[in-house]
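Side-chain atoms are counted along with the backbone in the values below, which use heavy atoms only and exclude waters and symmetry mates.
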Amino acid sequence: MRYDLVIFDNDGVLVDSEPLSNTVLAGYLTELGHPTSYEESIRDYMGSAMHRIHELVMERTGQRLPEDFDDVFHSRVFAAFERELKPVPGAREVLETLAADGVPYCVVSSGSHERIRVGHRATGLDRWFPAGRVFSAQDVGRGKPAPDLFLHAAREMGVAPERCVVVEDSPLGVQAAVAAGMDVYGFTAMTSAEKLTEAGATALFAEMAELLELLR
């Protein structure tokens, strides 16, 4: 492999959670009096930490979201995960290959540790991600697009940033990885190649089967 560490984003890259979580988010924001379509939720919030939702709503409306917003949102998302969440097609095969080849990898997510665990349990991906390979925006002061989380993961895994490659599907995540000095492979399943390229993606791929070839 060309790199010493493969860093995976979680939502939309390993677990097919973006359609579920953004449907829930758009519905909840609309319910609270902030009309939001599914497409707007994808555009504005995909790949971001929870604080970004609060910040954008405040910036646009001058209103704060309820104190229990995060708890209510997560309870609805987790229920949807338990009912419907699937792994991204091909993700299991990629993880099996990396593990068999002894290639270090980890997951870095804007979501909470609980959200990551719930999603991995629901999809059976938890077997590949013991605690030492899971990093959340909760672990650092600033989430994506700041580079902090990627740099934290590389540090904890003992790998220099320039020897890491990040697998991302959101412009915010690509920007964060680029700012961390890492190569980024943009997954175009839900985001246009143009947007990922503009954010600074090193290479693009549309199906997980293509990823292993890019890594070699």
Side-chain angles (χ1 to χ4, degrees), residues 7-85 107-122 131 134-153 156 166 168-180 184 190-192 195-196 198-200:
I7 301 177
F8 291 96
D9 175 45
N10 189 54
D11 295 293
V13 170
L14 296 176
V15 295
D16 195 15
S17 54
E18 294 293 6
L20 295 176
S21 60
N22 281 282
T23 296
V24 171
L25 179 57
Y28 188 25
L29 288 173
T30 300
E31 179 185 317
L32 292 172
H34 307 291
T36 305
S37 68
Y38 170 77
E39 291 77 17
E40 289 169 337
S41 182
I42 290 287
R43 181 194 68 199
D44 294 341
Y45 304 118
M46 181 174 158
S48 65
M50 289 299 294
H51 65 79
R52 179 177 168 84
I53 302 172
H54 291 265
E55 291 165 0
L56 281 183
V57 170
M58 171 59 79
E59 179 184 313
R60 291 170 174 175
T61 70
Q63 299 177 22
R64 294 185 183 279
L65 291 170
E67 289 188 7
D68 64 349
F69 178 86
D70 291 14
D71 291 337
V72 173
F73 171 66
H74 283 129
S75 68
R76 295 182 183 186
V77 167
F78 294 166
F81 283 5
E82 296 289 354
R83 292 191 308 266
E84 305 176 58
L85 188 62
V107 61
V108 165
S109 175
S110 292
S112 66
H113 278 284
E114 184 181 13
R115 176 181 172 126
I116 299 167
R117 287 196 302 271
V118 169
H120 285 188
R121 283 199 303 267
V134 178
F135 302 96
S136 159
Q138 289 179 312
D139 302 331
V140 295
R142 299 183 300 166
K144 305 169 188 177
D148 306 34
L149 183 51
F150 286 121
L151 293 172
H152 170 70
E156 291 295 308
V166 175
E168 264 286 356
D169 71 331
S170 76
L172 289 175
V174 172
Q175 290 168 20
V178 170
V184 197
M190 287 197 63
T191 306
S192 71
K195 287 184 178 180
L196 294 176
E198 288 176 353

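- Here the closest heavy-atom approach between residue Ser136 and residue Ile116 is recorded as CB-CD1, 4.1 Å.
- Across all non-hydrogen atoms, the minimal contact from Leu151 to Ala180 is CD2-O, 3.6 Å.
- No side-chain heavy atom of His152 sits under 4.5 Å from any side-chain heavy atom of Val108.
- A heavy-atom distance below 4.5 Å is not found between the side chains of Arg64 and His54.
- Residue pairs meeting the ring-ring contact (aromatic ring centres under 6.0 Å, His included) criterion with at least one member in residues 9-44, sequence neighbours excluded: Tyr28-Phe69.
- How far OG of Ser110 is from NE2 of His51: 7.5 Å, rounded to the nearest 0.5 Å.
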Residue pair His120, Asn10: steps toward the side-chain contact (heavy atoms from CB on, under 4.5 Å) verdict: CA-CA 9 Å; His120 285 188; Asn10 189 54; 2.7 Å; yes
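- The distance from atom CG of Leu20 to atom CZ of Phe81, rounded to the nearest 0.5 Å, is 6.5 Å.
- Annotation: salt bridge (charged side-chain N to carboxylate O under 4.0 Å, His left out) contacts of Asp169 (sequence neighbours excluded): none.
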Going through the distances and angles, do Asp139 and His113 end up as a side-chain contact (heavy atoms from CB on, under 4.5 Å)? CA-CA 9 Å; Asp139 302 331; His113 278 284; 2.9 Å; yes
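- Listed by chain and residue number, nothing satisfies the salt bridge (charged side-chain N to carboxylate O under 4.0 Å, His left out) test with Asp16 (two or more places apart in sequence, or in another chain).
- Residues Arg52 and Tyr45 share a closest heavy-atom pair of O-CE2, 4.3 Å.
- You'll find the side chain of Leu172 reaches within 4.5 Å of the side chain of Gln175, heavy atoms only.
- Between Leu29 and Leu65, some side-chain heavy-atom pair lies under the 4.5 Å cut-off.
- Here the CE atom belonging to Met190 is positioned 6.5 Å from the CG atom belonging to Asn22, to the nearest 0.5 angstrom.
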Working note: Arg115 + Ser17, criterion side-chain contact (heavy atoms from CB on, under 4.5 Å); need CA distance, chi angles, decisive distance, verdict. CA-CA 10 Å; Arg115 176 181 172 126; Ser17 54; 4.3 Å; yes
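- In this structure, Glu39 CD and Asp44 CG are separated by 11.5 Å, a value rounded to the nearest 0.5 Å.
- In terms of heavy-atom proximity, Ala49 sits nearest to Ala137 at CB-CB, 4.2 Å.
- Here the straight-line distance linking atom OG1 of Thr191 with atom CZ of Arg43 works out to 13.5 Å at 0.5 Å rounding.
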Take Glu168 and Leu196 through the test side-chain contact (heavy atoms from CB on, under 4.5 Å) and record every step on the way to the result. CA-CA 9 Å; Glu168 264 286 356; Leu196 294 176; over 6 Å; no
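- By the salt bridge (charged side-chain N to carboxylate O under 4.0 Å, His left out) test, Arg121 pairs with no residue at all, sequence neighbours left out.
- Under the side chain to side chain contact (heavy atoms under 4.5 Å, CB included) criterion, Arg83 pairs with Ala79, Ala80, sequence neighbours left out.
- Of all non-hydrogen atoms in Ser109 and Asp11, the two that sit nearest each other are OG-OD2, 3.8 Å.
- Ring-plane geometry between His74 and Phe78 is classed as parallel, the angle between the planes falling under 30 degrees on a 0 to 90 degree scale with a further cut at 60.
- The shortest heavy-atom contact between Glu40 and Ser37 is OE1-N, 2.8 Å.
- The main-chain N or O of Thr30 is never found under 3.5 Å from a side-chain atom of Thr36 such that the two would form a donor-acceptor pair.
- Every salt bridge (charged side-chain N to carboxylate O under 4.0 Å, His left out) that Arg76 has, sequence neighbours left out, goes to Glu31.
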